[in-house]
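Okay, so here's the structure we're looking at.
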There are 2 protein chains.
Amino acid sequence: MATIDDVAKLAGVSKGTVSNVFSKKRPIGPEATKRVFEAARQLGYYPNHIARSLAIRKTMIAGLRMPIPKEGMMSQFEIQMINGVLNECAKHGFRVLLDTLPEHDDPNQFTVDPVDGVIMLNPRREDLRIEMYRQIGMPLVLVGRPDPMDPGVSYVDNDNAELACEVGRYLLSIGHESILFLNASSDMTVAFDRERGLAAALAEQGMPLPPEQVMNYSRELHRSPTEYGYRAVLETMKSRSYTAVVADTDRVALGVLRAARELGLNVPDDLSVIALSNDARLAQEMTPPLTCVELSAEMLGAQAAQILMEKMENADVVRQHTVRAKLVFRESCKKRPR
Amino acid sequence: MATIDDVAKLAGVSKGTVSNVFSKKRPIGPEATKRVFEAARQLGYYPNHIARSLAIRKTMIAGLRMPIPKEGMMSQFEIQMINGVLNECAKHGFRVLLDTLPEHDDPNQFTVDPVDGVIMLNPRREDLRIEMYRQIGMPLVLVGRPDPMDPGVSYVDNDNAELACEVGRYLLSIGHESILFLNASSDMTVAFDRERGLAAALAEQGMPLPPEQVMNYSRELHRSPTEYGYRAVLETMKSRSYTAVVADTDRVALGVLRAARELGLNVPDDLSVIALSNDARLAQEMTPPLTCVELSAEMLGAQAAQILMEKMENADVVRQHTVRAKLVFRESCKKRPR
DNA sequence: CTGAAAGCGCTTACAG
DNA sequence: CTGAAAGCGCTTACAG
C-alpha cells in the first residue's frame, strides 16, 4: 500500500506538501499540486483514515452500542432506532460504527474506539461504561435514562413510568383490576420505571400492585421473549386468574396469546392483552391485532444523534429529552363486564 | 486523556510493558502487572483503538457501504441485508462501520477507511471504487455483481436475469402478453440483467420486448419510487394498454396500484401486478396483497460477510455466490381470459 | 521477564 | 508557497 512518503518521494516534494494537497488545509502551488496528484494516481495512493485520525484526533464516526438478537431479526424498535441515528448522522457527514457485540463492563477490556462520540442503548443500573466514557472525555448520549439519575449525562428516553401509568389507567378504566405484568429483565431501568408507573395507576384507585403480579424476563430462565410470555401465563394462571396482562413487548404478547389459546381463553373476551412496544408488523398480524404503545424509536434515535452532534461541538452541553409515547388501540383489549 | 506513557511513568515500567499487560501478547510478571493495572485505574487509562490499529494494521471492523433513503425508512431489503451482515460479523468478533454517505468516486476523495475489509452494495457500471479497493489491497465483497463481470472480484447476488425470466414465464403462463416493465435505474446492473431476463422469457414464445415496454427509474425525473410507479402507469396507459406490470419494488407497485385505481382498473381482474422484491409488511398490507419475488436479503448479507471473513484470512480467495430468489404468490396476479 | 527505540502513516507548528 | 521535524498513542523486534 502506497504511503504519503512514497508519493512525496515520487513527486519530489515533502510529506507536508502531499498532506496539504489532499486536505487543502493550506494552499499549495499548482505545479506541486499537479505533480502530487499524478504521483498519487501512479502509485494508487489514498490517504489513510486511521493515521489521519490519530494525528488530528477526529474520526467523523459516531459509535452506536446496541446489542441485537443473535438469531432472528432485529425488532422494529431497533430498526427504527438505527434508522433515526443513521439519518441524523449522515446529515452531519458522520458515519456510524455499529457495535452489537456483547457488552462487557470489565474496565480492563474497555477500549477507546475510533469514534468521536457514542450513543449507547439500554444502560444498566450503575453502568460502569458511563463513567469510563466520562474519564476519557468521550461525548456520550444514552437512549434510556441513566440509573441512578445523573444530572451530568445526556439521554433521550420515553417517560416509562408515565407510559406504564397510562396503560394502567386505561386498563382500570375498562374494568380490569387483576392485572399480570410481564415486565422486562429486572436489571433494566425501564423495568423499574414501568413497574413504578403501573403501581401508581393502581394506587390512584387505592389498589396495590403485589409482587406476585409482576414477573421479570430473565435470559437464563427463558429461551426467548415469546417463550417467556407463554410460560408465564401458563404457570400463573393455574393459581390465580387475571383479566388482563401487560406484556413487555409484542414478542412477549405473542407468547401470551398462544398460552391463552391453549387455556381456552378468548382474547379479548376473557383476557385483555396490551404490549409496551409497537412492532407495527407483528402487532397487526396477530389475532387479534394487538393494542400497544408506540415508543417512537426513530425519534429517539434521531434525537440522540442530534444531541451527540451538539456535545461534540461543546462538551459542556447536557440534554435530557423525553419522547412522548402513545397508546395505539387495536383489538386485544376489551371492557370487562362487572 | 491518559496515555500509555502516563501509565508507564506512574507504574514505573516501560510503555512496552504496559502494552503487553493489556494485550497479553507476552507474559509480564505479576508484580508489574498489578502496578500497571493500578496505575491505569488511577489515571482512567483505556487503550486507544486508533493508535493500536495503526500499529498492528488491523481494526476488527468491517465496512458496509450502502446508500439509504435520506428521508423515510429503510426498505425491508436493506434491513434484512444489514441484519445478515451484522450477525455474521458479530460471530467473528467484528463490528461494522456503516457508511451510508452519498457515493463519490472521485479518486481524490477516496480514503482508506478504518476497516479490515468492505462489503459494498449495488456497484455501478465500471465502478471505480472496485479498482481503488484492489489497489490498496482491501478485501472487498460486492452485493450485486460487478459490471463488467470480473473473475477476480467476489460477490453475492441473486441471478437477476433468471429471476426476471421466471417472472416473465409466469405471466405468460397465465395469459399475459402485453407487459409493462417498470425497471430500476438504468445505471444499475440489476436493471440490465432483469431486462435481459424478461426479454428471454418473451423470446421463448417468439415475442419481442420492445423498448417502449420498459421504463427506468430516475432520481431526477421521479420524486420517489411510488411516484415513479404512479406516473409511469398513468402516462403509458393512455397510449397503450397493458394487462400486466412488473414493478421493480413493492414501493413502485404501490404507485401502480394507486394509478390503477384512478384509471378504474381492477387489480388483478383488469391488471396483474408483480414486484421484484418482497417487503413482507408492505406487500401483505396492499390491496390486493402483492405477488412478488423474495430475494433473501438476509442471506445475501450473511453470505457476503462470510466471504469477507474468508478473504481477510486469505486475500487470494474469490467467491461468486448466487442466492436463489423465489416467487411468492399472493393475490395481485390473475389468469387473463383469452 | 523487561526496556529502549524504531516504526505504523499521517498533521502541524515553526522557520524560511 | 514549501520543508524538516516533532508528535498523535500504540506495538514489536532486538538486546539483555
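A, B, ... follow the sequence lines: proteins, then strands. Residue 1 opens every chain. We use all heavy atoms of the structure for the numbers below, so side chains are in, but hydrogens, waters and symmetry mates are not.
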Taking only the [atom1] atom of each, what is the distance from [N] to [M] in whole angstrom?
N	M	atom1	result
C:dA5	C:dC1	P	23 Å
D:dT2	D:dA6	P	23 Å
D:dG16	D:dT12	C1'	16 Å

Seminar exercise, completed: Only residue of A:Asp193, A:Asp157, A:Thr189 satisfying side chain to side chain donor-acceptor pair (under 3.5 Å) with A:Arg145 is A:Asp193

When you check the phosphate oxygens OP1 and OP2 of [N], does a side-chain N or O of [X] lie under 4.0 Å from one of them?
X	N	value
A:Thr3	C:dG9	no
B:Thr17	C:dG3	yes
A:Arg52	C:dT11	yes

Can you measure [X] atom [atom1] to [N] atom [atom2] for me and round it to whole angstrom units?
X	N	atom1	atom2	answer
B:Asp5	D:dC8	CG	P	9 Å
B:Phe22	D:dT12	CZ	C1'	18 Å
A:Asp6	C:dC10	CG	P	9 Å
B:Lys15	C:dG3	NZ	C1'	12 Å
B:Ile4	C:dT2	CD1	C1'	14 Å
A:Lys25	D:dG3	NZ	P	19 Å
A:Asp113	D:dG9	CG	C1'	15 Å
A:Lys58	C:dG9	NZ	P	24 Å

With the side chain of [X] defined as its heavy atoms from C-beta on, choose the nearest nucleotide among [options].
X	options	result
A:Asn20	D:dT11, C:dT12, D:dG3	C:dT12
B:Ala51	D:dC10, C:dT12, C:dC1	D:dC10
A:Tyr45	D:dT2, D:dT11, C:dC10	C:dC10
B:Arg26	D:dC10, D:dA13, C:dC8	D:dA13
B:Ala55	C:dT11, D:dG9, D:dT12	D:dG9
B:Ser19	D:dT11, C:dT11, C:dC8	D:dT11
B:Asn48	D:dG9, C:dT2, C:dG3	D:dG9
A:Ser14	C:dG9, D:dA4, D:dC10	D:dA4

For this session: Test A:Asp116 against every option in A:Lys58, A:Arg95, A:Arg57 by the salt bridge (Lys or Arg N to Asp or Glu O under 4.0 Å) rule and name the one that passes.
Result: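 Of A:Lys58, A:Arg95, A:Arg57, salt bridge (Lys or Arg N to Asp or Glu O under 4.0 Å) with A:Asp116 is met by A:Lys58 alone.
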
For this session: Sort out for me which residue in A:Lys34, A:Arg35, A:Arg41 forms a side-chain contact (heavy atoms from CB on, under 4.5 Å) with A:Glu38.
Result: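 Of the listed options, the one satisfying the test is A:Arg41.
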
Exercise. B:Val13 pairs by side-chain contact (heavy atoms from CB on, under 4.5 Å) with which of B:Ile28, B:Val21, B:Val18?
Worked result: B:Val18

Exercise. For B:Ser185 and B:Ala191, which heavy atoms make the closest approach, and how far apart are they?
Worked result: O-CB, 3.3 Å

Exercise. DNA chain D in dot-bracket, Watson-Crick or G-U pairs under 3.5 Å, [ ] crossing, | other strand?
Worked result: |||.||||||||.|||

Problem set entry | Stepwise ring-ring contact (aromatic ring centres under 6.0 Å, His included) test for A:Phe22 and A:Phe37 | CA-CA 9 Å; A:Phe22 279 94; A:Phe37 277 139; 5.6 Å; yes

Exercise. Centres of the B:Tyr46 and A:Tyr133 rings: under 6.0 Å?
Worked result: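 No, the ring centres sit 6.0 Å or more apart.
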
Exercise. Do you see a donor-acceptor pair shorter than 3.5 Å between the side chains of A:Glu310 and A:Gln306?
Worked result: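 Absent: no donor and acceptor within the cut-off.
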
Determine the contact category for [X]: base if any of its heavy atoms lies under 4.0 Å from a base atom, sugar-phosphate if only primed atoms, P, OP1 or OP2 are that close, otherwise nothing.
X	result
B:Ile28	sugar-phosphate
B:Ile56	sugar-phosphate
A:Gly29	sugar-phosphate

Exercise. Is any side-chain heavy atom of B:Glu313 closer than 4.5 Å to a side-chain heavy atom of B:Met309?
Worked result: no

